Amino acid sequence: DACVVRTAEETEEYQRVATNVGKGLAVIQEELHRMRMATKAQVQDMMPKRLDLLDEFPRMPDFLVALRPHTVWEKTPVKLFCTVQGNPRPIVKWYKEGVPVDPLSAPGKYKIENKYGVHSLIINWLLMMFHFLFPSWAVPHLTEIHPSKLEVSLLDRFSVTFGVEGSSISLVCTMVVVPNLPNVPPLAQWYRDDKLLKPSKLVEMSVSGSAARLTLPYLAKDDEGLYTLRIFTKDGTAEHSAYLFVSDAAPSAAGAPGAPMSVKAYDINSDYVLVAWKPPNTVNEAPITGYFVDRCEVGSDSWIQCNDAPVKVCKYPVHGLSLGRSYHFRVRAVNSAGISRASRKSDKVTAIDAAESERLQVIKIEGKYDIVIKDDELEGYVTIPGEPTEVHASEIFKSYVVLSWKPPCPRGRAPLWYIIEKVSGTGAWQRINTAVKLHSPRYPVFDLQDGQKYQFRVYSVNMYGSSEASAPSEPIQKVDQDGVPSAPGHVVATRNTKSSVFVQWEPPKNPKNLMGYYIDGRVVGSKEWFACNHKPFKHTRFVVHGLIPGETYVFRVQAANVFGLSEESQESSPIAVEPALATPSAPYGIAMLSSDGSSITLAWKSPKHCGGSKVNAYYIDKRDADTLVWKEVNLTGVTERVCTVGDLKEGTFYEFMVQAANLAGVGLPSAPSAPMKCEAWTMEEPGPAYDLSFSEVRSHSLVILWKAPVYTGASAVTGYFVDMAKKGSSEFVTLNQEAVRHRYLQVADLEEGETYVFRVRAVNANGIGKPSQLSDPVCAKALPGTSEIVAGVDEETGDVFLSLEACEICETSKFVWSKNYKPIGDCPRVAVTAKGRTSRLTFTNPDKDDLGKYSVVVTDTDGVSSSYTLTEDALNTMLELSYAIRHPIVPLKHALNYEILEKGHVRFWLQAVKLSPSVSYRFIVNDKEVTSGEGHKISHDVATGIIQMTVDHFTRANEGTYTVQINDGKAKTQSSLVLVGDVFKAALKEAEFQRKEHIRKQGPHFSEYLYFTVTEDCTVMLTCKVANVKKETTLHWYKEEDEIVPETPPSVMSGACAIPIPLFSRKDQGIFKAVLGDDRGKDTSVLDISGQVFDDIINAIAKIAGASASDLVLQCTPEGIRLQCYMNYYTEEMKTVWKHKESKIASSEKMRIGGTAEMAWMQICDPSDKEKGHYSIEISDGVKTHVRTFDLSGQGKNKEQVIVEFTHFYLYRGRVVGGLPDVVTIMEEKSLSLTCTVWGEPTPEVTWFKNEQEVASTEHTRVTFDGGKFASLVINKVTPEDSGKYSINVRNKYGGEFVEITVSVYRHGEQIPEKGTFPVATTNIDVFFRDYI
C-alpha cells in the first residue's frame, strides 16, 4: 500500500493549518447556532399571528375527496381514502356500524394513517361492510406525549430466519424515532401468527429509540411461525413481518422422529386433565407408532411417564392427580427406530374442581355488602348425595374412552367421590375403579375389548353413604371415530423470489378436524425429501424459503389432525427457484464519457434487479438543467449501456435519466444525473474509464475489470492505474506502481469482510487522465457455496475441458467465458455448453496456443465467477489422459503369469481391472492360437477380471512363448510370457513334483513330514501328521533301518503321530524314518538328525532349560567347592560357558566342569584365595543367552549363603564316620563285608560304586543300609574278578563324602598283601572357609 511521509517542516505546517481550520469550524458552528435560534424566535413570534389570522376565517369541515364504495374478495385487505378540509382542522374518526374503530382493540386488523390531509383506513381480512360517518368538528388540544404520538421509521428489518431446537435466536429491527426521548420509548408489540406475545422466560423483549429486539433463548418448534413487529406511531402503526423456521435438533437415536409440539392441557378437574398436542412431521423417518406422555410437579425435576403403552392419537387423559397441585406435561413420539426428544413442557396446570366457581352465589345486601355462599349450604340437612346425571363418553378412541357426567344435586354435606360400574350385554355390573378414589366427573377407561359394547353407571359417595346409581349410559364401543384426513389436492408451485417458492394446494375433501399442513420439498434428481415447515401450517398457501437459487424442486403436502398425518399429496410440477417476473429496477451511475460540443456520450450501470427477465432495452430522457420538462432521446430502445446523445447546444448544462425494459415492461427511471455541460473536450489526457465490475470476489482477493475510455486524448491509451479505498474513506491507495496495459487487475491482501471502492485512471503519452466514476462498494467475502473451475478430461470422449458448477443461477443467467479476461465469443478452438447449473468449455484441438488464464462469469447473479490458469504441465497431463481415453487399452492388474496346480496342471492367467460381458480374447502359444479342448481349458470371470488357460499335462513340448490378446469394446491389450530355458525347467520340475504328489496322496500319506518339537521337560518329540488313513493303516518308526517300537502304538486315526526321545544327546544322532502304509500303498518320511538339525534341537532344548535354570547354589564336597545350576534338563552338547571374573573357565584338574541330567556343575578343588570372586554360567540357545551368577568374593550378596552352606556342610552333611579301610585283601572263595557307620541330618543317601560304576544289589553282591546309620556291601565268595576300586558316596542336601577302598582278591597259595589302614578324608576347604569367614 502507498503511504505519505512528511518532513519535519511539512508536519509543523500541517499542524498549524489544522489548528486554524479547527478554530474556523468553531466560529462557523457558533454562527449557525445563532441563526437557528433567531429563526426559531421568528417562527414563534409568527405563530400567534397566524393562528389569529386563521381564527378570523372559520370554515366548516368538508370532504374534498369522499369515500367511494368498494367490492373486494373476502379475506383480502382494502384501503379507504378521503381528503378533508376545514378551519380549525377537523378531527377525523372512523366508525364501523356506528361504533368507533379502535386499532388497539384488534391489533393488526386496522391501520389508520393521516398524511398531508389524506386520511386512510387499511382493513386486513375484510369480512363485513363498513360505514363511514363524519362527526362535528372540534379544535384539538395539547396533551402529554404518549408513545403512540411518536414518529417512527423502520430501517434495518429482520429477515426470514432459520433456527434449530435448543438454540437461541434474536429478531432485531432498527428504527429512527422523532422525537427520541429516552424515557418514552416507542410502543412496540410482537405477534406470532397474529397472537400477541408477552414477556416470559421463553420470550424476551426490549425496545429503545434505536431498535426493537425479540429474543427466544430456548428455541422449540412451538416458536415457528410468522413474527410481526407492530409499533404504534403518530400516523397509525409501522409494522414488519418475517417467518421464523425452527428445525428438529439431532435425534436421540438414528431414525427416531422429531419431538411433538404445542402441548396443552384441557378439561382441567381436581384429579384429571386431558393433554393434547400436535404430531411432528416425518419426512424420511419411519411412521410414528405412538406417544408417551410425562408429567412433572411444579418445583420438581422428576418426570413420571403416565402411560405404559404408547397412545396412538394426539390426546391422552391423565388421571390420578392431586387436588391443588400444579403440573407440567410433555410428550415423546415413538417409531420403529426409537423415541424422540421430549417436547417443550406445557404451561403450568393446577388440578382444581372446575365446577367449584359455579356452585358459588353472591348476594348483595343494601347494595354495598357481598355475601358469598355455596350451593351446598342451601341444601338443608341432606347428607347423602344425589345420583349423577347425563353419563356419556366425551372422548372415544381405539386406545381409551373418557366417561363424563354431571355432578349430583344435592351433593351432601361432605366431600364427594364417585364409583363407576360397567356392563357388557346382559352380564352383571362390575366396578371398574376399585383402586382409585375418584373426585372428578371424568374418568378414562383403557381396558375395554375391541368390538364389545358397554354401558356405564355412576354412584355418588360420601362419608354418609352412597347415592342410587345413575341412569345407564348409551351403549359405548371403543373405536376411532374419524381417522386421518384425506390427502390434500392439487399442489401448485410458482416463482416468488430468488431463494423462495410460493406453494398452494387444495384442501383435503375429508378434513376431519384438520390441525394444519406439512410441506415437504425435494431437489429434482434426488431421492431425499426435506421438511419445509416444522409446525402444522393452517392455510392452503405457503412460501418455502431457504432454497438454492436456480435449483429445481418439487413439493408435496400432508394434512395433520389428532390421528396423525394423511397420505402425501401428488407432487407438484418441477419449478426452478427464480424471482417472480417484474419490471427491472432503475439503472444508476450515469457518467459522461466524452463530448464534442454538439453531443455527449453517456454510460450507465445495469439495474441491480433484472425482474426475472433479461433487460432488452434502455430508454434515455434529457432536459436542460434549468427546466423541469423531460424529453425522450430515443424512441427505439438501445441495447448497450453506452449512448451518444446528439442535437445538443454547446455550453448548455443537461441532465439525463435512463429506464430499463424487459418482458414485463419499462421499469422505474434512474435518478437524474448530475448536470453535464455540452462542450468539446480538448484535453490531451484520456477521458475516464467506465463500467467498473468485479469478478472472483473471495475473502482476501478479487479481480477488477473496466472498459477503455471513449475519449483517448491526444494519443493512444498506454495503460491504467487502479486506486482503492475503504468504503467511507477518501484516502485512495494506488495498487499498481506501473501502469497495466490490460483492462483488469488481480487485487490481493484484502481484509476479510471489509468493504472497498475502486477507481481507474487511464494513461497516455501526455499524462494521466480523469479518474473513472467510483465503483460500487464490494465486500471481500466469498458467496456461500462458491466453487472453482475444474479442469478435466471427459471419460467417454477424451475431450479436455474446463467446468464450473454455479452456486447460484436464475432463468436469465448466462455463462460468459473469457481468456485473459477477454470474452471468447464464437471461437473455433473452444466450444461452450451449459446444462442446468454447470457450464463446460471444451477445447477442440488443445495445444500450447490454448495456454492462459480462463475465467467465467454467471450473469444475473450476485457475482458468481471463477478463474483457472491453464499451464503447460497441466495441459500435457490432460493430453496424456485424453490419448488414453481415445485410444483405450484394457488396464491390467496383473500381466500374464503362470502357477503350478495340484495334479501337475499349469494355469496361465492374467487379471484386468475391469471386463465387460462382451469381452473377447484368444491365447496364442508359439504363434499358434490355442482353443479350449482336450488338454486345454480356457475361461474368464467378468466379476474378477481374470482370464485363464489350464494345461492338463505339462511336458517339454510346452516350452515357448505364451500370449493373450484381449478386445473389450474399443479397448485392446495383450500380454506375453516367455517360458524357456531355466525358467521352463523349473516349472516343468515343479509340475512333475505336483503330479507325483497327487499320486502319493491317493493313498495314505503324510500331510506334514517329520519335524521335531521340545516339551517343557526337554523331551524331544519327532512328530508327523497323516491323512487319508483308515483303521488298517500302520505306522512304523525306524532309526538307521532299525525299527523302533514305542511303548504306546501310534494312533494314525488321530491324524498326528509322535515318538519321544528323552534325555536327548549326541548319541541320538542318526536318520529317523516313519513309514505309513496299507493296501493302497505306502509313504515315507525321513528326518536326518545331524548337522544343523541336531544343532537346532540342542538350541530348542537350551531355550527351555535355560529359562528354567535356577540360581547358582554352593555345595561343599570333600574335594572342595561345587557350584551347581539346576534345570529341567542338561546335556554337555548344550552351549554352556562358565566364567570367573568375566574370564572363561576351561575344565582342568583344578576346576572340573561337568553335569548330570538335572544340573550343570563346576567343581573347585582345593580352593584358595585366588579362586574367590564372581562366577557365572551362560546357557545359549542360539538367540538368547541365559545367565546365572554367584559371588564368592566374600563381600557380595551371596556371603550369607556361603556361611550357611559352610555351617551346614560341617554340621549336617552326609559323611562316613568310620569303619572302612582304604585297602582290603582277601582270598578267593571268602566272603567280603565292607561295613561303615554313616551320619548326616537329614539321613543321607548311600551309593556303592565299583570302578565308578554303581553297584546293584544281587545274590552275589548284597547292598544294605540299616537304621540310617550302618551301610554294608557284602560280596559272597569273592573271585579275582571282584578285585577293583570300590567307593561309597554318602550324601544329603547339605553335601556328602566320597570314600574309596581298594579290594585285592588273591588265590590260594599266593602271598597275603599288607593290610590297610582306615582312611582319613583331608581337604583344604576348611582353610578356604576359615579365611572367607
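All figures in this text were calculated on a predicted structure; none of them were measured in a lab.
More than 12 non-hydrogen atoms from other residues, nucleotides or ligands lie less than 6.0 angstrom from CD of Glu992. Annotation: Glu1133, atom CD; neighbour count of heavy atoms from other residues, nucleotides and ligands within 6.0 Å is above 12. Around NZ of Lys1150, the count of heavy atoms belonging to other residues, nucleotides or ligands within 6.0 Å exceeds 12. Within a 6.0 Å radius of NZ in Lys1039, more than 12 heavy atoms belonging to other residues, nucleotides or ligands are found. The neighbour count for Lys1144 NZ, taken as heavy atoms of other residues, nucleotides or ligands under 6.0 Å away, does not exceed 12. Heavy-atom contacts from other residues, nucleotides or ligands closer than 6.0 Å to NZ of Lys1250 number more than 12. At most 12 non-hydrogen atoms from other residues, nucleotides or ligands lie less than 6.0 angstrom from CZ of Arg1262. Within 6.0 Å of atom CD in Glu1252, 12 or fewer heavy atoms from other residues, nucleotides or ligands are found, so the atom counts as exposed in its surroundings.
Proximity of Thr1261 to Leu1273: side-chain heavy atoms (C-beta onward) are separated by under 4.5 Å at one or more points. Under the 4.5 Å side-chain criterion, counting only non-hydrogen atoms from C-beta, Met949 is in contact with Tyr962. Within the 4.5 Å cutoff, side-chain heavy atoms of Lys1073 are placed close to those of Thr1084. Residues Asp1079 and Lys1030 are in side-chain contact: their nearest non-hydrogen atoms beyond the backbone lie under 4.5 Å apart. Side-chain contact check for Ile1179 versus Lys1135: every heavy-atom pair is 4.5 Å or farther apart. You'll find the side chain of Cys1024 stays beyond 4.5 Å of the side chain of Tyr1011, heavy atoms only. Between Phe1072 and Glu1040 the shortest side-chain heavy-atom distance does not fall below 4.5 Å. Two residues are said to be in side-chain contact when any heavy atoms from C-beta on lie closer than 4.5 Å; Val1026 and His1005 fail this criterion.
Side chain of Arg995 to backbone of Glu990: no donor-acceptor contact under 3.5 angstrom is found. Between the Asn1028 side chain and the Gly1003 main chain, a donor and an acceptor come within less than 3.5 Å of each other. Judged by distance alone, the side chain of Asn1289 and the main-chain N or O of Val1246 form no donor-acceptor pair under 3.5 Å. Under a 3.5 Å cut-off, the side chain of Arg1215 and the backbone N or O of Val1238 do not form any donor-acceptor pair. Checking side-chain atoms of Gln1002 against main-chain N and O of His998 turns up a donor-acceptor pair under 3.5 Å. Side chain of Glu959 to main chain of Val980: no donor-acceptor pair is present (N/O by atom type, distance under 3.5 Å, no hydrogens or angles). A donor-acceptor contact shorter than 3.5 Å is absent between the side chain of Asn1251 and the backbone of Gln1253. Asp1083 places no side-chain N or O within 3.5 Å of a backbone atom of Leu1076 that could act as its donor or acceptor partner. Using modelled atom types, no side-chain atom of Thr1237 and backbone atom of Val1217 make a donor-acceptor pair closer than 3.5 Å. A donor-acceptor pair under 3.5 Å is absent between the side-chain atoms of His905 and the main chain of Ile900, judged by distance alone.
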- Stepwise side chain to side chain contact (heavy atoms under 4.5 Å, CB included) test for Leu1220 and Ile1288: CA-CA 10 Å; Leu1220 289 177; Ile1288 182 172; 3.7 Å; yes
- Please test Ser939 against Gln948 for side-chain hydrogen bond (donor to acceptor under 3.5 Å, both in side chains), starting from the C-alpha separation and ending with a verdict. CA-CA 6 Å; Ser939 63; Gln948 61 184 4; 3.2 Å; yes
- Task: Check step by step if side chain to side chain contact (heavy atoms under 4.5 Å, CB included) holds for Asn1099 and Lys1103.
- Result: CA-CA 6 Å; Asn1099 286 336; Lys1103 180 179 180 181; over 6 Å; no
- Step-by-step side chain to side chain contact (heavy atoms under 4.5 Å, CB included) determination, Glu899 to Asn897: CA-CA 7 Å; Glu899 64 174 335; Asn897 206 339; over 6 Å; no
- Message: What verdict does the side chain to side chain contact (heavy atoms under 4.5 Å, CB included) test give for Thr1019 and Tyr1129, after you've listed the backbone C-alpha separation in whole Å, the side-chain angles of each residue and the deciding distance to 0.1 Å?
- Response: CA-CA 9 Å; Thr1019 299; Tyr1129 175 66; over 6 Å; no
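With sequence neighbours excluded, the residues satisfying side-chain hydrogen bond (donor to acceptor under 3.5 Å, both in side chains) with Asn1128 are Ser1108. Residues forming a side chain to side chain contact (heavy atoms under 4.5 Å, CB included) with Ala1160 (at least two apart in sequence, or on another chain): Met1127, Tyr1130, Trp1138, Ile1177.
Heavy atoms only, all atoms of each residue included: Ser1283 and Val1305 are closest at OG-N, 2.9 Å. For the pair Leu892 and Ser975, the tightest heavy-atom approach, listed with the atom from each and the gap, is CD1-CB, 4.0 Å. Taking both residues in full, the closest heavy atoms of Ile1101 and Met1134 are given as CG2-SD, 4.4 Å, listed atom of the first, atom of the second, then distance. For Glu1178 against Thr1185, the heavy-atom pair with the smallest separation is CB-CG2, 3.8 Å. Across every non-hydrogen atom of Val1029 and Arg1080, the tightest pair is CA-NH2, 3.9 Å. Here the shortest heavy-atom pairing between Ile1089 and Ile1061 reads CD1-CD1, 4.4 Å.
Lys1277 has no carboxylate O lying under 4.0 Å from a charged side-chain N of Glu1229, or vice versa, which leaves the two without a salt bridge.
For the atom pair Arg1152 CZ and Gln1163 CD, the distance stands at 5.5 Å (nearest 0.5 Å). If you take NZ on Lys1139 and CD1 on Ile1145, they are separated by 10.5 Å, rounding to the nearest 0.5 Å. Once rounded to the nearest 0.5 Å, the distance linking CG of Leu1114 with CZ of Arg1122 reads 11.5 Å. One finds the CE atom of Met1151 at 13.0 Å from the CD atom of Glu1149 (value rounded to the nearest 0.5 Å). The distance from the OH atom of Tyr1126 to the CH2 atom of Trp1161 is 12.5 Å, given to the nearest 0.5 Å. Atom CD1 of Ile1071 sits about 12.0 Å away from atom CG of Asp1042, to the nearest 0.5 Å.
The closest side-chain donor-acceptor pair between Thr944 and Gln911, if any, does not fall under 3.5 angstrom. Checking Thr1189 against Ser1176 by side-chain atom types alone, no donor-acceptor pair falls below 3.5 Å. Remark: the His953 side chain and the Asn958 side chain contain no N/O donor-acceptor pair separated by less than 3.5 Å.
Each of Pro1049, Cys1057, Ser1085 was compared with Leu1035 under the side-chain contact (heavy atoms from CB on, under 4.5 Å) criterion, and only Cys1057 meets it. Considering Thr1258, Val1303, Leu1232, Leu1234 in turn, Leu1232 is the only one that fulfils the side-chain contact (heavy atoms from CB on, under 4.5 Å) rule with Ile1275.
The ring-ring contact (aromatic ring centres under 6.0 Å, His included) pairs that include a residue from residues 1049-1071 are Phe1064-Phe1094, where partners are two or more places apart or lie in different chains.
The aromatic rings of Phe908 and Tyr898 are tilted relative to each other, their planes meeting at an angle between 30° and 60°.
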